[in-house]
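Heads up, the thing below is written out as structure tokens.
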Amino acid sequence: MLIGICGAKCAGKSTIAQYLIDHHGFGKLCLDASAPQNEIPSEAAKTAPGLVTPGGTETNLSSHHKQTSTSYTFWTAAELLSFVTKNWRSRWVTTDIFDEGTLDALSRRPFFILISVDAPLAVRWRRYQQRYNTQLEKDPISLEDFVSKSDQHLYDASTGVLPLMSRATIRLLNTSADLAHLYATLGKLDLTNPDRLRPSWDSYFMSLASLAAQRCNCMKRAVGCVLVDSKHHVISTGYNGTPRHLLNCGEGGCPRCNSGENSGLSLATCLCLHAEENALLEAGRERIRDGSVLYCNTCPCLTCSIKIVQVGISEVVYSQGYSMDTEAALIFRSAGIKLRQFSPPANGLVHLEKMDSY
């Protein structure tokens, strides 16, 4: 696993990298951005601690913070990538992603994931002041200068990191006031979950269900469904909307949905087929065998539940709750069908303060 971390000034990139090093056994990888990319390093540079020379030879690898955590420095992104590819079973972290070219190269590897870190400007300014007071920097800068440097770091047309941050799989909003709190919330986030790199079967099929939901034409709710057999082969997919040859619900085809009726009311007048119904109709009874699993991004309603029971589905996996989960669960339990909710590791924008409630 290789985790890349980018973000705003004083947002916590190095701190999060150190958390991975101290608590999860990651090694630190560094890029020397000032080094000429096509120049062979001098003899003095070759013997610098922690340097990996072009060609991949490690020289004088030094301990980084802990004896079990080693820091490696490379001249180019290509050298770094070559090293990690040969050592992909180990865990690595880098905060040295300077441009989209480097990110493009790293992103081709299936073991890479990008994390961005940000924080409110006021929070980052306080962190800079604390760092100055602790490290006794010789040339402290004013708030105005800090804002200017922060803006340049984020928004500069050539070197700004905002385009990199926008591509991150996980975007952390780090407002933590102390290290212990930050580390505790990072622990709950489970950054090293292998599902983040290669989705489990649950993650894979639920993603397909969510993709199918994007094809829905119902005005009320976007639902997608995937039916798979016991060998993880897709039998059929479905999404909700009006039947074939009828006007799409989103174009006025279903008077009940277009009238804005509340959930559960006037269902007898609804012309939309549910995603589960479409998947079952597409599969046909003869293709559904013992061990078949139905994945749906929303828990099935009561009407769909009895149809799922009738065709012989063995397990139902859903992501989001619905208004009649309790009733559906009772039906499945009575029929001996396993029902469970799938909760993938958190991606997208994650406010670390909110992790306290998990």
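Reckoned from all heavy atoms, side chains included, excluding hydrogens, waters and symmetry mates. In what follows, residues are counted from 1 in the order of the sequence shown. Not measured: the values here are computed from a predicted model.
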- Treat each ILVMFWY residue as a node, draw an edge where side-chain heavy atoms are under 4.5 Å apart, and state whether Leu2 and Leu31 are in one component. yes
- Task: Could you grab the distance from atom CD1 of Ile21 to atom OG of Ser14, nearest 0.5 Å is fine?
- Result: 9.0 Å
- Task: Kindly write out the residues that satisfy side chain to side chain donor-acceptor pair (under 3.5 Å) with Arg91, not counting sequence neighbours, or none if the list is empty.
- Result: none
- Query: Can you tell me how far the SG atom of Cys299 sits from the CG atom of Asp325, to the nearest 0.5 Å?
  - Reply: 4.0 Å
- side chain to side chain contact (heavy atoms under 4.5 Å, CB included) with Ser236: which of Leu227, Val228, Leu294? Leu227
- Message: Using 0.5 Å steps for rounding, measure from the OG1 atom of Thr175 to the CZ atom of Arg124.
- Response: 13.0 Å
- Task: Give a yes or no answer on whether the side chain of Lys338 reaches the backbone of Ser314 with a donor-acceptor pair at less than 3.5 Å.
- Result: no
- Query: Going hydrophobic residue to hydrophobic residue with side-chain gaps under 4.5 angstrom, can you get from Leu172 over to Val123?
  - Reply: no
- Test item: Val93 and Lys28 side chains (from C-beta on) under 4.5 Å apart, heavy atoms: yes
- Query: Do the side chains of Tyr318 and Trp201 join up, straight or via other hydrophobic residues, at under 4.5 Å, putting them in one cluster?
  - Reply: no
- Measure the spacing between SG of Cys6 and CG of Asp99 and express it to the nearest 0.5 Å. 11.5 Å
- Item | Separation of Ile3 CD1 from Thr95 OG1 (nearest 0.5 Å) | 12.5 Å
- Between the side chains of Arg221 and Thr298, does any donor sit under 3.5 Å from an acceptor? no
- N-O pairing of Glu276 and Lys307 below 4.0 Å: no
- Looking at residues at least two apart in the chain, or sitting in another chain, which of them share a side chain to side chain contact (heavy atoms under 4.5 Å, CB included) with Pro344? Phe342
- Item | Main-chain N/O of Ala11 paired to Asn174 side chain as donor or acceptor, under 3.5 Å | yes
- Item | Pairing residues for Ala335 by the side chain to side chain contact (heavy atoms under 4.5 Å, CB included) criterion, not counting sequence neighbours | Val309, Ile337
Could you pull out every donor-acceptor pair under 3.5 Å between side chains of residues 105-115 and any protein atom, sequence neighbours left out?
| from | atom 1 | to | atom 2 | distance (Å) |
| --- | --- | --- | --- | --- |
| Ser107 | OG | Leu103 | O | 2.8 |
| Arg109 | NE | Thr85 | OG1 | 2.9 |
| Arg109 | NH2 | Thr85 | OG1 | 3.4 |

- Message: Tell me which pairs pass salt bridge (Lys or Arg N to Asp or Glu O under 4.0 Å) where either residue lies in residues 157-180, with sequence neighbours left out.
- Response: Glu100-Arg167, Asp104-Arg167
- For Ser142, all residues meeting side chain to side chain donor-acceptor pair (under 3.5 Å), sequence neighbours excluded: Asp145
- Note on the structure: Note: Met1 and Phe26 closest approach over all heavy atoms is SD-CZ, 3.8 Å
- At their closest point, which heavy atom of Lys9 faces which heavy atom of Lys149, and how far apart are they? CE-O, 3.8 Å
- Query: Same cluster for Ile313 and Ile306 if Ile/Leu/Val/Met/Phe/Trp/Tyr side chains link at under 4.5 Å?
  - Reply: yes
- Inter- and intrachain pairs under side-chain hydrogen bond (donor to acceptor under 3.5 Å, both in side chains), touching residues 279-297, at least two apart: Asp202-Tyr295
- Leu280 and Val293: same hydrophobic cluster, using ILVMFWY side-chain contacts below 4.5 Å? no
- Any donor-acceptor pair under 3.5 Å from Tyr128 side chain to Ile141 backbone: yes
- Message: Please check this pair: side chain of Arg256 against backbone of Leu271, looking for a donor-acceptor N/O pair closer than 3.5 Å.
- Response: no
- Would you say Asp32's side chain and Trp75's backbone share a donor-acceptor pair under 3.5 angstrom? no
- Message: Students often mix this up, so state it plainly: with edges at 30° and 60°, are the rings of Phe83 and Phe74 parallel, tilted or perpendicular?
- Response: tilted
- Name all residues meeting the side chain to side chain donor-acceptor pair (under 3.5 Å) criterion together with His24; count only those two or more places apart in sequence or in a different chain, and write none if there are none. Tyr19
- Task: Using atom types as modelled and distance alone, determine if a side-chain donor or acceptor of Asn278 lies under 3.5 Å from a backbone N or O of Ala275.
- Result: no
- To the nearest 0.5 angstrom, please state how far the CZ atom of Arg198 sits from the OH atom of Tyr204. 10.5 Å
- Item | Ser90: partners by side chain to side chain contact (heavy atoms under 4.5 Å, CB included), with sequence neighbours left out | Trp92
- So which residues get pulled into Val223's cluster when ILVMFWY side chains under 4.5 Å apart are joined, directly or through others? none
- By side chain to side chain contact (heavy atoms under 4.5 Å, CB included), Thr159 pairs with (sequence neighbours left out) Asp156
Below 3.5 Å, can you tabulate the donor-acceptor pairs from side chains in residues 206-216 to any protein atom, sequence neighbours excluded?
| from | atom 1 | to | atom 2 | distance (Å) |
| --- | --- | --- | --- | --- |
| Ser207 | OG | Ser203 | O | 2.8 |
| Ser210 | OG | Met206 | O | 3.1 |

- Query: Just by modelled atom types, is the Ala78 backbone N or O under 3.5 Å from a matching donor or acceptor in the Ser82 side chain?
  - Reply: no
